[in-house]
Each structure stands twice: as C-alpha cells, then as structure tokens.
Amino acid sequence: MDDQTRMMTGLTGLGGLAQADVGDPDSVRKQQSLGQPQQDIGDILQQIMAITDESLDEAQARKHALNCHRMKPALFSVLCEIKEKTVLSIRGVQEEDPPDPQIMRLDNMLLAEGVSGPEKGGGSAAAAAAAAAAGGSPTDSSIEHSDYRAKLAQIRQIYHSELEKYEQACSEFTNHVMNLLREQSRTRPISPKEIERMVAIIHRKFSSIQMQLKQSTCEAVMILRSRFLDARRKRRNFNKQATEVLNEYFYSHLSNPYPSEEAKEELAKKCGITVSQVSNWFGNKRIRYKKNIGKFQEEANLYAVKTAVDAANVSAQASQANSPATPNSESLDTYPSCSSFRPQTPS
DNA sequence: CCTAATGATTCGAC
DNA sequence: GTCGAATCATTAGG
C-alpha cells in the first residue's frame with residue numbers, strides 16, 4: 001500500500017490517462033500482484049515525470065534509457081490495455097459498419113452512367129442507344145451523341161482527378177498520422193490496434209468527402225441526362241420517303257398491321273430510322289387509324305393503288321408468258337374488315 | 001397565334 | 001417483351 005500511495009502522488013498531474021490508470025481497479029490489482037517490479041514501475045513513472053524538467057539532451061538520454069528498460073514493454077502493454085478499456089472503447093464502437101446503402105447507390109449509378117468503371121464503357125453505349133433512338137437524321141443524332149459523350153467525358157475526368165486528389169491526400173495524411181503515432185508510441189502508450197483504428201477513422205472521414213464528390217457527380221450526370229432527354233424530345237418528322245415506306249407496309253398489311261421483328265428491322269433499314277422508331281410509328285399509326293378510319297380513307301386508297309401498281313408490275317414482269325396478269329384485287333381493299341392479310345406478295 | 005399532325009413517352013394489361 | 005391508350009412536346013401549315 002505504501003508503494004501504491006507513492007505512485008499516486010507521483011502520478012498526480014499526469015492528466016486524464018494517469019487518473020484512469022490508477023482509478024482502474026484492474027490495473028491496481030495487476031500492479032500489486034507484480035510484487036518487486038512495483039519498485040521499478042514507480043521509478044520509471046518518476047523518471048517520466050522528471051523528463052519535462054530536464055534539458056533536451058538529458059531528456060533524450062533518459063528517454064533512451066527508459067526505452068531500453070526491461071520493464072518498459074510490460075508497462076507499455078499495461079498502459080495500452082488500460083487505455084483501450086477506458087478511452088478507445090467509447091470511440092471504437094461504430095467501426096466496421098456495413099457499406100452505406102447511399103454510397104452503394106451512388107456507386108451503382110456512376111458505374112451505370114460510365115463515369116466510374118472501365119474507360120468508355122457502358123455509359124457511352126447507353127448514350128449511343130439513346131442517341132440512336134433520338135430519331136431525325138443520322139447526323140443530328142450523332143451530333144447530340146457526341147455532345148453528350150463529350151460532356152460525360154468531362155464530368156468523368158473531373159470526377160477521376162478529384163478522386164485521385166482525395167485518395168492521394170488521404171494516403172498522405174494517413175502516412176503522416178501513422179508515422180507520428182509510431183514515433184509517439186515510443187513514449188506514449190499507443191498500441192498498433194489504436195493506430196489501425198485511427199487510420200480507419202481517417203479513411204471514414206475521407207470517404208465521406210468522397211461521397212460528397214460522388215453525389216455532386218451524380219447530380220451533374222442527372223442534369224446532363226435530363227438535358228439530353230429534353231433534346232431527345234426535340235423530334236424531327238421522318239422524311240417523305242420513310243413515311244411512304246411505312247405507310248406502304250401499313251396499308252398493304254391493314255388486316256394485320258403488326259410487323260414482325262425482322263420486318264421492323266427491314267423497314268428501319270429502308271427508312272434510315274431505328275427499330276424502336278418503327279415500333280413507335282406503327283403503334284401511333286394503328287391507334288390513330290382505328291380512332292378515325294374515315295380520315296385515313298384517302299391515304300389508304302392512295303397506298304392501295306400504289307401497291308397494286310407495284311404488284312402488277314412485278315407480276316407482269318414475273319409471269320409475262322404465263323397468263324394475262326390478274327390485277328391484285330386484295331391489295332385494293334381499303335377496309336380492314338374486307339382486306340385479309342396473307343403473305344402473297346412476291347418478295 | 002392557333003391548330004392539326006406527328007414522333008416519343010408513359011402506364012396498365014397481358 | 002408487346003400492345004393499346006392517353007398524353008406530352010414539337011413541327012408544320014393556315
């Protein structure tokens with residue numbers, strides 16, 4: 001008990017850590033059970049206290065002596081343990097939290113947009129598809145496309161350079177702190193675990209900064225995208241030839257105006273538009289025709305005649321010697337109820 | 001400027 | 001996935 005009080009008086013003024021050290025019943029028990037080495041510990045602590053009053057050279061020498069002391073590792077680990085129990089247990093509770101759903105969402109979006117991930121990846125492909133669906137002349141869509149791509153590349157570049165900056169700063173800072181702590185661990189009870197934890201704390205801080213970057217990048221992409229989508233709505237009417245081809249198909253298949261995938265592809269190629277535009281066109285055409293058959297009567301007759309003439313020409317060429325060409329009466333049908341679709345046209 | 005036409009989008013049903 | 005239907009947004013024509 002004598003030594004205990006001596007230690008306590010020696011320690012007064014060391015601050016919170018020292019208070020905690022002696023206050024912890026565990027530490028008291030440990031120190032008491034050490035028996036003889038208590039003397040050594042007391043001495044060491046006295047010496048530590050005295051260091052502040054000494055000259056730099058003296059202190060340095062003393063520090064070295066302390067570091068070489070046989071009891072140093074034991075004392076060090078005890079102090080680390082106590083510190084662990086008191087201070088760090090409070091701070092280190094919320095570590096290893098699962099990946100933030102928000103940051104995962106942001107990551108996924110950036111990946112999907114082609115901002116993060118492999119160079120010139122899916123994002124530009126998506127943009128290409130969107131641009132292709134934009135319609136109008138091919139030059140127009142490619143202009144929009146390249147515009148979008150350029151803007152996206154710009155965002156991408158900024159994102160990556162910022163990210164790199166952050167990562168560099170993070171690793172620099174981490175190294176700095178680690179070196180500092182390692183250096184200090186020679187005179188302060190700092191366990192490797194604590195250093196590890198500190199690194200984790202730093203990384204958390206930096207990743208929260210990264211999340212802000214990701215968030216603002218996502219916003220930028222969204223704005224770009226919405227602008228692009230707005231641009232997409234700036235439609236162009238199809239050219240006359242394309243409309244003609246589509247109408248021809250529609251009125252010659254009036255009984256079943258549902259082109260197959262192959263037929264759509266064929267029409268798309270002929271008209272210089274995309275398959276989805278062909279689908280849109282037929283969707284619109286069907287509903288609008290059905291809504292007002294009368295209005296489309298004239299148009300229907302026109303195309304019926306046209307296909308009839310074409311068919312007549314073809315059949316005349318094909319079977320000149322065969323028989324007196326019979327005009328294709330079916331294709332002249334203008335009412336869906338009368339016309340019957342069959343794949344009779346020589347293709 | 002008003003209106004019809006038209007290409008694209010969205011939504012619910014299948 | 002496609003389809004019909006309603007709707008939006010732009011274009012074209014008067």
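Please read these numbers as outputs of a predicted model, since none were measured by experiment. So that the names make sense, note that chain A is the first sequence line, chain B the second, and so on, each numbered from 1.
- The minimum heavy-atom distance between Ser116(A) and Leu111(A), with the atom names listed, is OG-N, 3.2 Å.
- Note: Trp281(A) and Phe250(A) have perpendicular aromatic rings, judged against thresholds of 30 and 60 degrees for the angle between ring planes.
- With salt bridges taken as basic N to acidic carboxylate O contacts below 4.0 Å, none links Lys214(A) and Glu162(A).
- Spacing between atom CZ of Arg235(A) and atom C1' of dT6(B) amounts to 4 Å, rounded to whole angstrom units.
- In this model, the phosphate group of dA8(B) is approached by a side-chain N or O of Asn280(A) to a distance below 4.0 Å at OP1 or OP2.
- Of the candidate nucleotides dA8(B), dA5(C), dC3(C), dA5(C) has the atom lying nearest to any side-chain atom of Ile287(A).
- Separating the CG atom of Asn284(A) from the P atom of dG4(C) is a distance of 11 Å, rounded to the nearest angstrom.
- Remark: Lys295(A) is not in phosphate contact with dA4(B), judged by side-chain N or O atoms under 4.0 Å from OP1 or OP2.
- For the pair Glu299(A) and Leu302(A), the minimum side-chain heavy-atom distance is 4.5 Å or more.
- For Gln277(A), a side-chain nitrogen or oxygen approaches OP1 or OP2 of dA8(B) to under 4.0 Å.
- Relative orientation of the Phe296(A) and Tyr289(A) rings is tilted, given thresholds of 30° and 60° on the angle between their planes.
- To the nearest angstrom, C1' of dT6(B) lies 9 Å from CZ of Phe238(A).
- Atom NZ in Lys290(A) sits about 10 Å away from atom C1' in dC3(C), given to the nearest Å.
- Looking at Arg288(A), its side chain comes within 3.5 Å of the base of dG7(B) through a donor and an acceptor atom.
- At whole-Å resolution of the value, CD in Glu261(A) and C1' in dG1(C) are 10 Å apart.
- Residue side chain Asn237(A) does not reach the base of dA12(C) through any donor-acceptor N/O pair under 3.5 Å, judged by distance alone.
- Note: CD (Glu244(A)) to P (dT6(B)) measures 13 Å, nearest angstrom.
- Distance, Ile273(A) CD1 to dT6(B) C1': 13 Å, rounded to whole Å.
- If you take CG of Asn239(A) and P of dT6(B), they are 14 Å apart, rounded to a whole angstrom.
- At dG4(C), none of the side-chain N or O atoms of Tyr289(A) fall inside 4.0 Å of OP1 or OP2 (strictly under the cut-off).
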